[in-house]
Amino acid sequence: MFYERELERWFVTRHADVRSCLRDRRLGRNFRHVGTEEEFDAAEPLDPRWQAFWDTERWSLLWVEPPEHTRIRKLVAAAFTPRSVDELREPCADLAHELLPGERFELLRDFAQPYSIAVICRLLGVTTDRSRDLLDWSHAMVKMYELDTTAAQAETATAAAAEFRDYVVSLIAERRRGPCDDLVTRLAEARVDGERLSDAQIVSTIIVLLNAGHEATVNTLGNGILALLRHREQWERLLAGEVGPAAAIEELIRWDPPLQLFERWVLEDGVEIAGQPVPRGAKVALLFGAANRDPRAFENPDVFDVGRRNAAEHIGFGGGIHVCIGAPLARIELAAALRALVERLPDLDLAEEPRRNRAYVIWGLDKVEVCSSNGITTPTRSSTGPATSSSSARPSTT
Ligand code: HEM
């Protein structure tokens with residue numbers, strides 16, 4: 001743990017410390033329910049120019065703290081049930097196969113993004129004709145979560161938020177007129193302890209489900225497939241069926257997580273982190289990437305091992321009250337994508353050296369150009385293909 005003067009934040013690096021911060025109710029994602037912006041030193045006032053963006057954040061699960069968070073999370077959980085997620089298992093497998101290109105393609109643009117958006121469209125019960133808009137809105141809005149957002153990016157994010165809001169408002173109205181078996185209808189109908197979600201709360205919820213879910217899933221595939229192609233012997237273990245996709249994705253998330261940093265405010269006096277007193281009003285940045293490589297939690301943490309016994313103890317999905325509500329869906333979605341890649345493109349390889357994007361919090365790659373000499377020849381959904389690719393081990397330079 002260390003303090004960075006320029007960024008005015010404490011940085012927490014160890015697995016045990018990050019985990020205990022996530023579970024500590026004296027730390028919060030927001031402070032506005034317990035104090036003013038003057039009391040919270042590193043806080044910047046919400047710029048009124050970006051009001052439409054802040055309005056869509058207002059009821060986001062990632063913005064609110066108890067008791068609002070408890071109430072909204074219960075209602076969202078009543079709509080986003082384990083059964084509704086499990087029903088997406090087959091569609092995920094089908095979509096992964098349908099959308100997988102062959103020969104040479106850019107993994108993020110040509111597969112991971114359309115696939116992840118198609119899964120969200122299934123969840124919401126909307127047709128994929130708006131997927132380009134959803135993608136553009138999501139890309140624009142998540143720029144607001146970086147450490148160095150420019151005014152131009154904030155302006156674009158705000159315009160995207162307004163369009164996204166109008167779209168969801170019309171969707172809610174449609175579902176109220178004609179209910180369907182989808183998440184928008186279930187959110188509109190959810191009742192817990194006599195309470196229900198307002199339209200503004202449904203708007204924030206749909207937006208956070210897309211924005212929180214989409215970028216993380218796409219970047220897990222980008223970072224993870226790059227890791228597999230650079231460690232060919234690990235890809236071979238998948239091809240041989242020695243390790244299944246559901247187990248492997250945990251190591252993908254541990255080794256190169258798509259979300260590197262989440263922040264908390266210290267809401268009360270008397271808080272100590274890793275033995276260090278941290279005053280009320282301070283900002284704390286939890287470094288997930290560092291925690292996932294902590295040798296106290298993972299043996300030989302820098303070794304990429306898809307069969308790692310305790311890989312699922314990674315911090316990738318967070319913990320405590322804000323723990324990722326989409327983790328069960330993300331696991332199904334990622335495993336289905338990895339299975340399709342392994343089965344259909346066993347000789348997948350990098351066609352070009354990928355470039356890191358310039359973002360830090362949402363950690364990913366600009367482009368991952370890949371190729372396969374096979375193209376898509378064997379649509380075998382049920383079996384894992386033979387180990388046909390070269391076994392040269394690549395350097396692990398990520
Ligand atoms: C690999 C994919 C994913 C990763 C690594 C991931 C990671 C996370 C993390 C770390 C948090 C907690 C943030 C914090 O504590 O400050 C979180 C929260 C959240 N995630 Fe995910 N997520 C993924 C996929 C998804 C998906 C697919 C969805 C929805 C469809 C989703 C929806 C959410 C929501 C709504 C929250 C806020 C929960 C709350 O505050 O109560 N995520 N996610």
Side-chain angles (χ1 to χ4, degrees), residues 12 18-25 27-30 57 59-66 68-77 79-81 84-85 88 92 112 115-124 134 138 142 145 182-184 187 201-202 204-225 246 248-265 283-289 291-292 312 314-338 361-364:
V12 183
V18 170
R19 199 169 52 182
S20 81
C21 284
L22 287 168
R23 291 176 180 174
D24 192 333
R25 298 290 286 270
L27 306 183
R29 285 191 51 97
N30 207 332
E57 286 281 281
W59 299 107
S60 156
L61 282 169
L62 288 172
W63 183 262
V64 290
E65 286 294 314
E68 282 175 348
H69 179 271
T70 320
R71 213 187 117 251
I72 294 179
R73 180 133 179 165
K74 267 193 205 162
L75 283 156
V76 176
F80 194 28
T81 57
S84 69
V85 172
L88 290 169
C92 282
Y115 169 65
S116 150
I117 288 287
V119 172
I120 302 263
C121 287
R122 284 290 167 100
L123 176 71
L124 300 182
L134 292 175
S138 168
V142 298
Y145 309 130
D182 63 25
L183 187 71
V184 180
L187 286 169
Q201 290 166 345
I202 299 176
S204 287
T205 300
I206 300 279
I207 291 181
V208 73
L209 285 172
L210 174 72
N211 291 353
H214 167 68
E215 305 279 337
T217 309
V218 168
N219 289 320
T220 302
L221 281 173
N223 298 351
I225 299 303
I249 57 141
E250 304 296 341
E251 178 70 348
L252 266 44
I253 297 172
R254 184 198 73 86
W255 203 74
D256 200 10
L259 303 168
Q260 286 286 324
L261 171 152
F262 277 96
E263 295 183 317
R264 294 293 187 266
W265 294 98
K283 200 164 198 188
V284 178
L286 311 175
L287 292 176
F288 284 24
N292 283 347
H314 62 70
I315 297 236
F317 288 118
I321 63 165
H322 289 284
V323 68
C324 180
I325 201 169
L329 174 59
R331 289 186 155 118
I332 289 175
E333 197 178 338
L334 290 167
L338 186 54
V361 175
I362 300 179
W363 175 249

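FYI, side chains are in, hydrogens and waters are out, and symmetry mates aren't considered; it's all heavy atoms of this structure. Counting starts at 1 for both ligands and their atoms, in listed order.
- Looking only at protein heavy atoms, the nearest one to atom 26 (C) of ligand 1 is G213 CA, 3.2 Å.
- Residue T205 places every heavy atom at 4.0 Å or more from ligand 1.
- Counting only heavy atoms of the protein, atom 34 (C) of ligand 1 lies nearest to I325 CG2, 3.7 Å.
- The distance from ligand 1 to the heavy atoms of A216 drops below 4.0 Å at these ligand atoms: 1 (C), 2 (C), 3 (C), 4 (C), 23 (C).
- Here atom 23 (C) of ligand 1 lies nearest to C324 when heavy atoms of P328, C324, S116 are compared.
- With a 4.0 Å heavy-atom cut-off, ligand 1 is reached by the backbone of F317 and by its side chain too.
- In this structure, R264 counts as a contact residue of ligand 1, since one of its heavy atoms falls inside 4.0 Å of the ligand.
- The protein atom (non-hydrogen) at minimum distance from atom 12 (C) of ligand 1 is H322 O, 3.3 Å.
- Note: L88 CG to I120 CD1 = 9.5 Å, rounded to the nearest 0.5 Å.
- Ligand 1 lies within reach of H69, whose nearest heavy atom is under 4.0 Å from it.
- Residue F288 has at least one heavy-atom neighbour below 4.0 Å for each of these atoms of ligand 1: 10 (C).
- Residue L259 approaches ligand 1 through these ligand atoms, each under 4.0 Å from one of its heavy atoms: 6 (C), 7 (C), 8 (C).
- For the pair E65 (side chain) and R29 (backbone), a donor-acceptor distance under 3.5 Å is present.
- Among protein heavy atoms, the minimum distance from atom 29 (C) of ligand 1 is reached at L209 O, 3.6 Å.
- Residue contact check: A330 has heavy atoms under 4.0 Å from atoms 2 (C), 24 (C) of ligand 1.
- Counting protein heavy atoms only, atom 10 (C) of ligand 1 is closest to G316 O, 3.2 Å.
- Between the side chain of T70 and the main chain of P66, no donor-acceptor pair closer than 3.5 Å is present.
- The proximity of T220 to ligand 1, defined as any non-hydrogen pair under 4.0 Å, is limited to the side chain.
- Atom numbering of ligand 1 starts at 1 in the shown order; those under 4.0 Å from a heavy atom of G318 are 10 (C).
- Between L334 and ligand 1 there is a heavy-atom distance shorter than 4.0 Å.
- Formation of a donor-acceptor pair under 3.5 Å by the S138 side chain with backbone atoms of L134 is not found in this model.
- Side-chain atoms of T220 come within 3.5 Å of backbone N or O of A216 as a donor-acceptor pair.
- A pairwise comparison of heavy atoms in E333 and C92 identifies CA-SG, 4.1 Å as the closest pair.
- Scanning all heavy atoms of the two residues, the minimum distance from S60 to V208 falls at OG-CG2, 3.5 Å.
- Contacts with ligand 1 closer than 4.0 Å are made by no heavy atom of L210, backbone or side chain.
- Between I315 and ligand 1, no N or O atom pair is found at a separation short of 3.5 Å.
- Using a distance-only test at 3.5 Å, with no hydrogens or angles considered, no donor-acceptor pair links the side chain of N219 to the main chain of I362.
- For the pair N211 (side chain) and V142 (backbone), a donor-acceptor distance under 3.5 Å is absent.
- Using a distance-only test at 3.5 Å, with no hydrogens or angles considered, a donor-acceptor pair links the side chain of H322 to the main chain of L61.
- Residues D256 and W363 have side chains that bring a donor and an acceptor to within less than 3.5 angstrom of each other.
- Taken from CG in L338 to CG in L221, the straight-line distance is 8.0 Å, to the nearest 0.5 Å.
- Atoms of ligand 1 found under 4.0 Å from any heavy atom of I321 (numbered from 1 in listed order, with element): 41 (O).
- For the residues R331, R29, R73, H314, the heavy atom positioned nearest atom 41 (O) of ligand 1 is part of R73.
- Looking only at heavy atoms of the protein, atom 33 (C) of ligand 1 is closest to A212 CB, 3.6 Å.
- A salt bridge links R254 with E251; the closest basic N to acidic carboxylate O contact falls under 4.0 Å.
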